[in-house]
Amino acid sequence: MLKTTLFVIAACLIFIIWLELSLKASRYLRTNRKLEIILHTTVLAIIIVLITLWSTGLIGLWRNGISYMAYSAKDYTDSNSHHIEGHHSVSIDLSNLESNVGKDLYNDGTHRIYVSNVINAGNINSGGYSIGFRASGQYSLNKATLISGVRHATIDNNSFASHMTAKMTAEYNGKVYNCSEKATSGLHYQDGDHFSIYVFPSEAYENREISLNEKGTLQLTVTNLYENIWSKI
């Protein structure tokens, strides 16, 4: 209903603009009938193109990317979405946090998950070390796919929810730690999302196994990634 209403409003506004331009132009083009016809034909063609782009969804796709499809439950389904098997790893250098930005956790040539930031909060109560990941996929009018640590699901065609599916461990100094979720985003980027984790549990800091000034390299491993798929109904 909202899409139809917006379409009608846009069409009316375009028609009003075209009519106003036509009236103004007619004052100057009465002596040149050929030029007047060309102008009116051009304006009409532009209107038709804009209406076509709107009705087919191209404007929405151009403006909002994957989220346009994900939030259009009446036109697209996510029923083919599924978990991704396998283990995927990336090495993180704690002596130079910025050097890790851009490292791939997952990359199949179409979908990519890479390190967007590594943060040392400098305080145990603030979580200590954390890592952020950016996931990017692909989209067209017929289908969009995104492999991420986050599942984006439509619920009862009325609401939308995002939650982390990924399970991560960090191996450091011969010990394996279970990472915990820090944050997840919705589809805030045209081609994907963002999610982040706390690397070490609070007990590791409290037991002095981990300090806030580590200089080694850890191996981060993730399982249970999720392939979000939106297909045209």
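In this text the structure is predicted, and so the values were computed from the model without any measurement.
Formation of a donor-acceptor pair under 3.5 Å by the Asp78 side chain with backbone atoms of Ala70 is not found in this model. With Lys103 contributing its side chain and Ile92 its backbone, the two residues share no donor-acceptor pair below 3.5 Å. Between the side chain of Tyr129 and the main chain of Glu214, a donor-acceptor pair closer than 3.5 Å is present. Between the side chain of Ser116 and the main chain of Gly132, a donor-acceptor pair closer than 3.5 Å is present. In this structure a side-chain-to-backbone donor-acceptor pair under 3.5 Å is present from Asn228 to Val150. Listed for the Asn107 side chain is a donor-acceptor partner under 3.5 Å among the backbone atoms of Gly109.
A side-chain N or O of Thr221 and one of Ser89 form a donor-acceptor pair less than 3.5 Å apart. Between the side chains of His87 and Thr223, no donor N or O sits under 3.5 Å from an acceptor N or O.
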Decide side-chain contact (heavy atoms from CB on, under 4.5 Å) for Asn80 and Glu227; before the verdict, give the C-alpha distance in whole Å, the side-chain angles of both, and the deciding distance to 0.1 Å. CA-CA 9 Å; Asn80 293 322; Glu227 182 170 8; over 6 Å; no
* side-chain contact (heavy atoms from CB on, under 4.5 Å) between Leu212 and Tyr205, worked out -> CA-CA 8 Å; Leu212 292 171; Tyr205 297 102; 3.8 Å; yes
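Tyr226 and Ile66 fall into different hydrophobic clusters, where Ile, Leu, Val, Met, Phe, Trp and Tyr residues are linked whenever their side-chain heavy atoms come under 4.5 Å apart, directly or through other members. If you chain together hydrophobic residues whose side chains sit under 4.5 Å apart, Leu225 and Met164 fall into the same group. Under the 4.5 Å side-chain heavy-atom criterion for ILVMFWY residues, a single connected hydrophobic cluster contains both Met168 and Ile147. Hydrophobic clustering (ILVMFWY, side-chain heavy atoms < 4.5 Å, transitive): Leu94 and Val90 are in one cluster.
For the side chain to side chain donor-acceptor pair (under 3.5 Å) condition, the pairs that include at least one residue of residues 175-184, sequence neighbours left out, are Ser130-Lys182, Lys175-Glu209, Tyr177-Glu209.
Taken to the nearest 0.5 Å, the NE2 atom of His83 stands 6.0 Å off from the OG1 atom of Thr165. Atom OH of Tyr71 sits about 5.0 Å away from atom CG of Leu187, to the nearest 0.5 Å. The distance from atom CD1 of Ile131 to atom OH of Tyr198, rounded to the nearest 0.5 Å, is 13.0 Å. Note that OG1 of Thr77 and NZ of Lys232 are 12.5 Å apart. Values are rounded to the nearest 0.5 Å. To the nearest 0.5 angstrom, Asn224 atom CG is 11.0 Å from Arg151 atom CZ. Atoms OG1 and CD1, from Thr169 and Ile197 in turn, are 9.5 Å apart once rounded to the nearest 0.5 Å.
Across all their heavy atoms, Glu85 and His88 have their closest contact at O-NE2, 3.8 Å. Among all heavy-atom pairs drawn from Leu97 and Asn100, the shortest one is O-ND2, 3.1 Å. Annotation for Gly102 and Arg112: closest pair O-NH2, 3.0 Å, computed over non-hydrogen atoms. Between Leu146 and Gly137, the closest heavy-atom pair is CD1-N, 3.6 Å. When all heavy atoms are compared, the tightest approach of Ala121 to Ser126 is CB-CB, 3.7 Å. The heavy-atom pair separating Ile113 from Phe195 by the smallest distance is CG2-CZ, 4.0 Å.
Aromatic pair Phe200/Tyr172: centroids less than 6.0 angstrom apart.
Partners of Ala170 according to the side chain to side chain contact (heavy atoms under 4.5 Å, CB included) rule, which considers only residues two or more places apart in sequence or in another chain, are Cys179, Val199, Leu218, Leu220. Applying the salt bridge (charged side-chain N to carboxylate O under 4.0 Å, His left out) criterion to Asp93, with sequence neighbours excluded, gives no partner residue. Applying the ring-ring contact (aromatic ring centres under 6.0 Å, His included) criterion to His163, with sequence neighbours excluded, gives no partner residue. Checked against side chain to side chain contact (heavy atoms under 4.5 Å, CB included), Glu98 has the following partners two or more places apart in sequence or in another chain: Asn96, Val101. Considering only residues two or more places apart in sequence or on other chains, Tyr189 meets the side chain to side chain contact (heavy atoms under 4.5 Å, CB included) condition with Arg134, Asp191, His194.
Using cut-offs of 30° and 60° on the angle between ring planes, the pair Phe160 and His152 is parallel.
Residue Lys167 places its NZ atom among 12 or fewer non-hydrogen atoms of other residues, nucleotides or ligands, all under 6.0 Å distant.
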